[in-house]
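Quick one: the structure is below, and I'll ask about it shortly.
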Amino acid sequence: MSGAVKHKTFDVSAVREDFPILKETIYGKPLTFLDSAASAQKPQAVIDTVANFYSHSYSNIHRGIYKLSQEATEAYEQVRNKVAKFINAASREECLFVRNATEGINLVAQSYGRTFLSEGDEIILTELEHHSNIVPWQLLREEKGIIIKVAPISDEGEVDLKAYRALLTEKTKLVALAHISNVLGTILPVKEMIALAHQAGAKVLVDGCQAAPHIPIDVQDLDADFYVFSGHKVYGPTGVGVLYGKKELLEAMPPWQGGGDMIELVTFEKTTFNVLPQKFEAGTPNIAGVIGLGAALDYINQFNRQEIEDHEHGLLAYALGRLRGINQLKLIGTAKNKASIISFVLDDIHPHDAGTILDQEGIAVRTGHHCAQPLMERFGLNATIRASFGLYNTRGDVDRLAEGLKKTRAIFA
Ligand SMILES: *Cc1c(COP(=O)(O)O)cnc(C)c1O
């Protein structure tokens, strides 16, 4: 894919200059932002693209005959091409714009699930899923009487493949799993897990929220049936996400929401539906958000992805080393194959108390259950502290975190 593409060399101090928020101070201290797994900060290019669109090019799309509307439509549809390239989809029609990953999963549960699953059919989740990849399936279970099975994980936070294999039977119709855990950072062997599911005749939805910012995605190589991610975690705006689906599946699925744009012809007796992708994009979409997402993908693509990965991997290794030096700090999630997301607990100190002290130092970390309560239960915890790194983080950020944690220790000693 890269081939002739010219990439800028990855230089973290230059990258930081692109993110205006990183110049902010919090309680008079420089912001140390370690919560990109919840939502990533935005480069100036994304902010400017959205502002410029509203200032100079805004109009509704797919409707107007006038120049502005045609150009807005063109810009919006161009982003679909960028998304298709970003995940290596076979065609642009397979890439649908939704509000966020959560909406993408609900769309699959409500459209595909309601149509193709029936009572007694089984779906498999893993123990490390985000609530967004649990609750939509439970809602479907209420309605259709399907059965949800859960593939367990090890103490290290890796999926137990033997147990997963044993759960796959001819009753399994769907597997829905994270590509990377938002709590543990575990990178799941999704390609292998998809192949196993396919052997059993099941379809697979991959929740790629944490993968999209960290590793290259190739939906064809993975052979994923559905793949979702959120724009705001790949340095893009909030309010826009992507649902990828294989064409034959999306074509067989009924529309989820009805309204403008998704129709071909409406009479009070009968309505016929538009073709892909419009069939699934009812109503005026987040036009500026989609255009901002395009700028975010351009931002990422200006670098060689391997250099971003190497940078983040270096941060992870450095952070693990620094955190190991802190008294009574226990890492939660020590998978061999791991992205730059670290969860930990400090023995008797409540994560929220630690988070409050770190905040006083200008350090933004996430504390709580991270929308993964079943995973917390698996580790016998209510909450963890989570530090997650994006492409703009530095070893200096890690050092400030380590110092902040030492201070926290001292206060509670
Ligand atoms: C953030 C996240 C979600 C939910 O994303 P939204 O943008 O809130 O819809 C789902 N799964 C994982 C793994 C996540 O990290």
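In listed order, ligands and their atoms are each counted from 1.
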(request) Check T102 against ligand 1 and report side chain, backbone, both or neither, counting heavy atoms closer than 4.0 Å. (result)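 The answer is both.
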(message) Rounded at 0.5 Å granularity, tell me how far CG in L177 sits from CG in L125.
(response) 9.0 Å
(message) Closer than 4.0 angstrom, basic N to acidic O: yes or no for K246 and D223?
(response) yes
(message) Taking a cutoff of less than 4.0 Å between a non-hydrogen atom of the residue and any ligand atom, is A178 in contact with ligand 1?
(response)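 So A178 does not count as touching ligand 1.
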(message) Counting only heavy atoms, tell me which of K233, H232, H130, H179 gets closest to atom 1 (C) of ligand 1.
(response)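 Among K233, H232, H130, H179, the closest heavy atom to atom 1 (C) of ligand 1 belongs to K233.
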(request) Going by heavy-atom distance to atom 6 (P) of ligand 1, choose the closest among S388, S230, S39, G239. (result) S230
(message) Heavy-atom distances under 4.0 Å decide this one: backbone, side chain, both or neither, for S132 against ligand 1?
(response)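 The side chain, only.
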(request) Identify the protein heavy atom lying closest to atom 11 (N) of ligand 1, giving its residue, its atom name and the separation to 0.1 Å. (result)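 Among all protein heavy atoms, the one nearest atom 11 (N) of ligand 1 is D207 OD2, 2.5 Å.
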(message) Contact between I153 and L375 at the side-chain level, heavy atoms closer than 4.5 Å - yes or no?
(response) yes
(message) Suppose I only count heavy atoms of C209 and a 4.0 Å limit; which atoms of ligand 1 are within that range?
(response) 2 (C), 3 (C), 5 (O), 10 (C), 11 (N), 12 (C), 13 (C), 14 (C), 15 (O)
(request) Just say parallel, tilted or perpendicular for the rings of H352 and H350, cut-offs at 30° and 60°. (result)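 H352 and H350: parallel rings.
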(message) Please list, in number order, the atoms of ligand 1 under 4.0 Å from a heavy atom of Q210.
(response)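 In order of number, 14 (C), 15 (O).
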(message) Parallel, tilted or perpendicular: which one describes the rings of H311 and F10, with boundaries at 30° and 60°?
(response)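 Judged by the thresholds at 30° and 60°, the geometry between H311 and F10 is tilted.
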(request) Could you pull out the closest heavy-atom pair between L276 and E251, with the gap in Å? (result) CD1-CG, 3.4 Å
